[in-house]
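Letters A, B, ... are given to chains in the order of the sequence lines, protein chains preceding strands, and every chain is numbered from 1.
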There are 2 protein chains.
Amino acid sequence: MSPRIGLDLNTIVKAAAEIADADGLEAVTLATLSRKLNIRPPSLYNHIEGLPGLRKELALYGIEELERYLSRAAAERAGDDAVRAMGEAYLTFARRKPGLYEATFYTIDMEDTDIKLASEKIVNLVIQVLQQYGLHGVNAVHATRGFRSILHGFASIEQKGGFAMELDINESFYFLIETFLIGIKK
Amino acid sequence: MSPRIGLDLNTIVKAAAEIADADGLEAVTLATLSRKLNIRPPSLYNHIEGLPGLRKELALYGIEELERYLSRAAAERAGDDAVRAMGEAYLTFARRKPGLYEATFYTIDMEDTDIKLASEKIVNLVIQVLQQYGLHGVNAVHATRGFRSILHGFASIEQKGGFAMELDINESFYFLIETFLIGIKK
DNA sequence: TTATAATAACTAATAGTATTAGTTTTTGGC
DNA sequence: GCCAAAAACTAATACTATTAGTTATTATAA
């Protein structure tokens, strides 16, 4: 029963991510988290700024993790291959870490500098790939916003169980990506 | 101080929607709602099955309201016109009723019969429009899923403040819709 | 090696939340 | 005008986050 367990921010955030993935983001509370870590809830305040602070850290971790998935997929690839690989990586991340993915969109402060910076890395990555289609300036931004919308929309609806009909979901995803590729080429 | 105010489900759900639109979905609690309605929290249990029940009713109301927006837009229109109009209507709804829109995606039980039925109406509406492009059977379903993904993704990211760059958001939306139209035509 | 300062745990207390149980008041139908 | 159902209520319980103040451990420096 040592009053100095040796907790750090990383351990805390990863524990929170585990709860989120296992039981949903709503299950991430200071109470459940402190139970998992074998400490009392107030002790968490030594590391994070309350529940809002925890949510920010979780979102940040999620965005950075997503960026790693995406940049790994884009590496050594170009054009359609790169777009398809990034799309698949995005969906894989959302499926493998559902709670953490949810956290990247859940009541986060987009004005926050850390969040902004991490998000920009993803945007720049996508812009870089889409520029290979001759999309520059405003059009590259439009296309990037479109690509993000497609990916988030699909992943989010799937996660909520919104695709009810008996039809292969992966096929629908490929259909959508190909539709997008055709669209940006003309 | 009458113990019989004359509350009904409709009044309750609309009050909840007002809170959601004004202060965000997280602000919708039995406590805030009962304060707005000038009753004590337990009284709400005469009309709804706790907080989960309230959320379900709110989601249902949102889905039905969205369906009204979309069918009004699709009426008397066909092809590209209909698709563009539905896209705009979707975005308009999400912008005008942000909290209610959020509710249509927030921890809802997709197995619930009422929710399922209301959702199917929207799906069928979209399928009907997309069939005019010669999309039938599986392809019509793929395209419908794609269209919903685009709309939800865009609306959701915009709502969270995710489109940071200084570039007109409506332009990006039109770009995305046109990209989709081109894609499904080839 | 020992004293001190910072860190990170703790307990205690408060306020806000949902929910259940049991009660009272009103209303509508007979 | 009576009675049953509906819809409000009060009281109580169990969580939750959070703040204040306390204590124990660790790291540092004399």
Q | Plane angle bin for B/Tyr90 and B/Tyr101 - parallel if under 30°, tilted between 30 and 60°, otherwise perpendicular | A | perpendicular
Q.
Can you measure B/Ile12 atom CD1 to D/dA6 atom C1' for me and round it to whole angstrom units?
A. 13 Å
Q.
Counting only side-chain nitrogens and oxygens, does B/Arg40 get under 4.0 Å of the OP1 or OP2 atom of C/dT19?
A. no
Q: Name the closest nucleotide to the A/Ala31 side chain, picking from C/dA12, D/dC9, D/dA17.
A: D/dA17
Q: Quickly work out the A/Glu49 CD to D/dT19 P distance and round it to whole Å.
A: 10 Å
Q. Would you say a side-chain N or O of A/His47 is under 4.0 Å from OP1 or OP2 of C/dT7?
A. no
Q) Which residues pass the side chain to side chain donor-acceptor pair (under 3.5 Å) test with B/Lys56, sequence neighbours left out? A) B/Asp112, B/Asp114
Q | Length of the line joining B/Leu37:CG and D/dC9:P, which is rounded to integer Å | A | 10 Å
Q | Given C/dA9, C/dT19, C/dT17, the nucleotide with the shortest approach to the side chain of B/Thr29 | A | C/dT17
Q. When you measure from the side chain of B/Ser43, which nucleotide among D/dT18, D/dA8, C/dA18 comes out closest?
A. D/dA8
Q. Which of the following nucleotides, C/dT17, D/dT18, D/dT10, is nearest to the side chain of A/Pro52?
A. D/dT18
Q: Return the value, rounded to whole Å, for the distance between atom CD1 of A/Ile48 and atom P of D/dT18.
A: 8 Å
Q | Atom-to-atom span, CG of B/Leu7 to C1' of D/dA8 - whole angstrom | A | 10 Å
Q) Got a donor-acceptor pair under 3.5 Å from the side chain of B/Asn46 to the base of D/dA6? A) no
Q) Could you give the CG-to-P distance, from B/Leu54 to C/dT17, as a whole number of Å? A) 14 Å
Q: Look at the side-chain N and O atoms of B/Arg55 and state whether any lies under 4.0 Å from the OP1 or OP2 oxygen of C/dA18.
A: no
(Q) Any donor-acceptor pair under 3.5 Å linking the side-chain atoms of A/Asn46 with those of A/Ser43? (A) no
**Q.** Candidate nucleotides C/dA8, C/dT19, D/dA17, ranked by approach to the side chain of B/Leu30 - the nearest
**A.** C/dT19
Q | d(CG, B/Leu51; C1', C/dT19) in whole Å | A | 11 Å
Q: Report yes if a side-chain nitrogen or oxygen of B/Tyr45 is closer than 4.0 Å to either non-bridging phosphate oxygen (OP1 or OP2) of C/dT19; otherwise report no.
A: yes
Q.
Between B/Glu102 and B/Lys160 (salt bridge meaning N to carboxylate O under 4.0 Å), is one present in this structure?
A. yes
Q: Can you label the angle between the B/Phe163 ring and the B/Phe154 ring as parallel, tilted or perpendicular, going by 30° and 60°?
A: tilted
**Q.** Separation of D/dA6 P from B/Leu44 CG (nearest whole Å)
**A.** 18 Å
**Q.** Residue B/Pro42, side-chain heavy atoms: nucleotide from C/dT17, C/dT20, D/dT18 that is nearest
**A.** C/dT20
